Structure formats: C-alpha cells, structure tokens
Amino acid sequence: VQLQASGGGLVQPGGSLRLSCVASRSLYSTDVMGWYRQAPGKERELVASITKGGSSKYADSVKGRFTISSNNVKNTVNTVFLQVNSLKAEDTAVYYCNLRELRYYINYDYWGQGTLVTVSS
C-alpha cells in the first residue's frame with residue numbers, strides 16, 4: 001500500500017491547515033487509517049485515527065482542535081483528511097499518514113512520506 005500525504009506548511013499560531021492522505025487502495029473494514037507526528041527530539045505519537053466505518057480517536061492534546069475525516073463514497077474510502085485548527089507552536093512536527101492493516105491477526109503498518117507542519121510567527 002502506498003500513501004501520499006500532502007497539505008503541510010508554515011502557519012502562524014492560531015492558524016489552520018488541512019492535511020490529506022491518499023491510499024493506493026480502498027480501505028478494508030478492519031483497516032485503521034490515521035495521522036502520527038514526530039517533533040524534533042521526540043518520539044512519534046498518534047494524533048488521530050479513523051476506521052472505514054467512521055469511528056475516530058484523538059490524542060488528548062489535539063481534542064477540540066483537530067478533526068479527522070474520510071471521503072466515504074458509496075462505502076469506499078481511500079482518502080483521509082486532518083483539519084488542524086487553532087495551531088500552537090507545540091504542534092510543529094512532521095506529520096505522517098499511516099494505514100494499519102489487520103491480516104491474520106497481525107497488524108501491518110504502512111507509512112506515507114511525511115509532511116512538515118511549522119507553526120511560527
């Protein structure tokens with residue numbers, strides 16, 4: 001599975017961006033697609049995730065500011081969006097798109113190339 005992420009950039013504190021991630025195949029019912037981020041000197045952390053059915057999860061640090069969604073069209077999903085609002089300096093990081101596929105009780109992770117979000121005045 002290939003993942004193509006886009007939408008990062010330089011934004012002022014309080015600003016917004018919309019990140020997109022396109023998968024090379026449509027999601028299966030057991031897939032979970034999400035966004036992780038990694039700031040300099042820190043470990044990669046989960047920001048938000050969403051299932052094909054639309055169930056979502058968020059890190060506490062982004063709840064109320066970030067929204068994950070997908071392009072569900074006739075029960076087919078291959079694109080996930082992350083709307084990031086009210087950005088703070090601590091949101092600065094490389095954001096990675098992830099698809100977690102469950103196959104025979106084993107999770108396989110696929111990663112996009114990362115898109116840099118810089119929050120600075």
Side-chain angles (χ1 to χ4, degrees):
V1 181
Q2 282 86 47
L3 302 173
Q4 182 68 43
S6 62
L10 173 63
V11 62
Q12 292 185 342
S16 299
L17 286 172
R18 191 188 197 207
L19 309 184
S20 300
C21 179
V22 182
S24 58
R25 64 158 175 80
S26 58
L27 267 61
Y28 304 144
S29 60
T30 52
D31 289 341
V32 179
M33 204 157 167
W35 290 92
Y36 288 70
R37 68 184 180 186
Q38 187 166 20
K42 295 189 176 181
E43 294 188 353
R44 192 173 296 189
E45 62 174 354
L46 175 65
V47 175
S49 65
I50 190 167
T51 66
K52 181 182 178 182
S55 297
S56 59
K57 293 182 179 179
Y58 296 91
D60 288 342
S61 59
V62 307
K63 283 180 181 177
R65 301 189 297 122
F66 291 12
T67 303
I68 191 168
S69 61
S70 63
N71 70 329
N72 195 322
V73 177
K74 296 184 179 180
N75 204 33
T76 298
V77 175
N78 77 327
T79 304
V80 171
F81 306 98
L82 186 69
Q83 179 68 39
V84 296
N85 298 329
S86 303
L87 282 163
K88 306 175 182 179
E90 52 263 41
D91 294 318
T92 295
V94 178
Y95 285 68
Y96 295 93
C97 179
N98 167 267
L99 189 153
R100 175 160 290 180
E101 177 185 300
L102 179 62
R103 239 189 298 153
Y104 301 110
Y105 306 105
I106 299 174
N107 284 317
Y108 294 85
D109 283 310
Y110 301 92
W111 297 94
Q113 81 281 13
T115 185
L116 177 62
V117 172
T118 303
V119 184
S120 175
S121 54

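Source: prediction; values computed, not measured. Heads up: numbering here begins at 1 and tracks the sequence.
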Heavy-atom pair of closest approach, residues [X] and [Y]:
X	Y	answer
Leu116	Val94	CD1-CG2, 3.9 Å
Asp91	Ser86	OD2-O, 4.3 Å
Leu3	Cys21	CB-SG, 3.9 Å
Ser56	Ile68	CB-CG2, 3.7 Å
Tyr96	Gly114	CD2-CA, 3.6 Å

**OP:** Using a strict 4.0 Å threshold on nitrogen-to-oxygen distance, state whether Asp60 and Lys63 make a salt bridge.
**Re:**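 A salt bridge links Asp60 with Lys63.
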
Single-linkage hydrophobic cluster [X]~[Y], side-chain heavy atoms < 4.5 angstrom:
X	Y	result
Val1	Leu102	no
Val84	Tyr36	no
Ile50	Val73	no
Tyr95	Leu17	yes
Val119	Leu10	no

Heavy-atom side-chain contact between [X] and [Y] under 4.5 Å:
X	Y	result
Asp31	Arg25	yes
Ser61	Arg37	yes
Tyr58	Thr67	yes
Trp35	Asn98	no
Phe81	Ser70	no
Thr30	Glu101	no

Is the side chain of [X] donor-acceptor paired with the backbone N or O of [Y] at a distance under 3.5 Å, no angle test?
X	Y	result
Asn71	Thr79	yes
Lys52	Asn75	yes
Ser49	Met33	no

Subject >> For Arg44, all residues meeting salt bridge (Lys or Arg N to Asp or Glu O under 4.0 Å), sequence neighbours excluded >> reply: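 Arg44 satisfies salt bridge (Lys or Arg N to Asp or Glu O under 4.0 Å) with no residue once adjacent residues are dropped.
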
**OP:** Apply side chain to side chain contact (heavy atoms under 4.5 Å, CB included) to Val47 and Phe66, showing your working.
**Re:** CA-CA 9 Å; Val47 175; Phe66 291 12; 3.5 Å; yes

**OP:** Check the pair Leu27, Leu99 against side chain to side chain contact (heavy atoms under 4.5 Å, CB included), reporting the backbone distance first and the verdict last.
**Re:** CA-CA 9 Å; Leu27 267 61; Leu99 189 153; 4.1 Å; yes

**OP:** For the pair Ser16 and Asn85, evaluate side chain to side chain donor-acceptor pair (under 3.5 Å) and give the outcome as yes or no after the intermediate values.
**Re:** CA-CA 4 Å; Ser16 299; Asn85 298 329; 2.9 Å; yes

Subject >> Pairs touching residues 110-121 that satisfy side chain to side chain donor-acceptor pair (under 3.5 Å), sequence neighbours left out >> reply: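 For residues 110-121: Arg103-Tyr110.
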
Original post:
Tell me, which pairs form a salt bridge (charged side-chain N to carboxylate O under 4.0 Å, His left out) where one or both residues lie in residues 107-121, sequence neighbours left out?
Top reply: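 Those involving residues 107-121 are Arg100-Asp109.
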
Subject >> CD (Gln2) with more than 12 external heavy atoms under 6.0 Å >> reply: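 For Gln2, atom CD is not crowded (no more than 12 foreign heavy atoms under 6.0 Å).
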
Original post:
Is the number of heavy atoms from other residues, nucleotides or ligands within 6.0 Å of CD (Glu43) greater than 12?
Top reply: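 At most 12 heavy atoms, drawn from other residues, nucleotides or ligands, come within 6.0 Å of this atom.
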
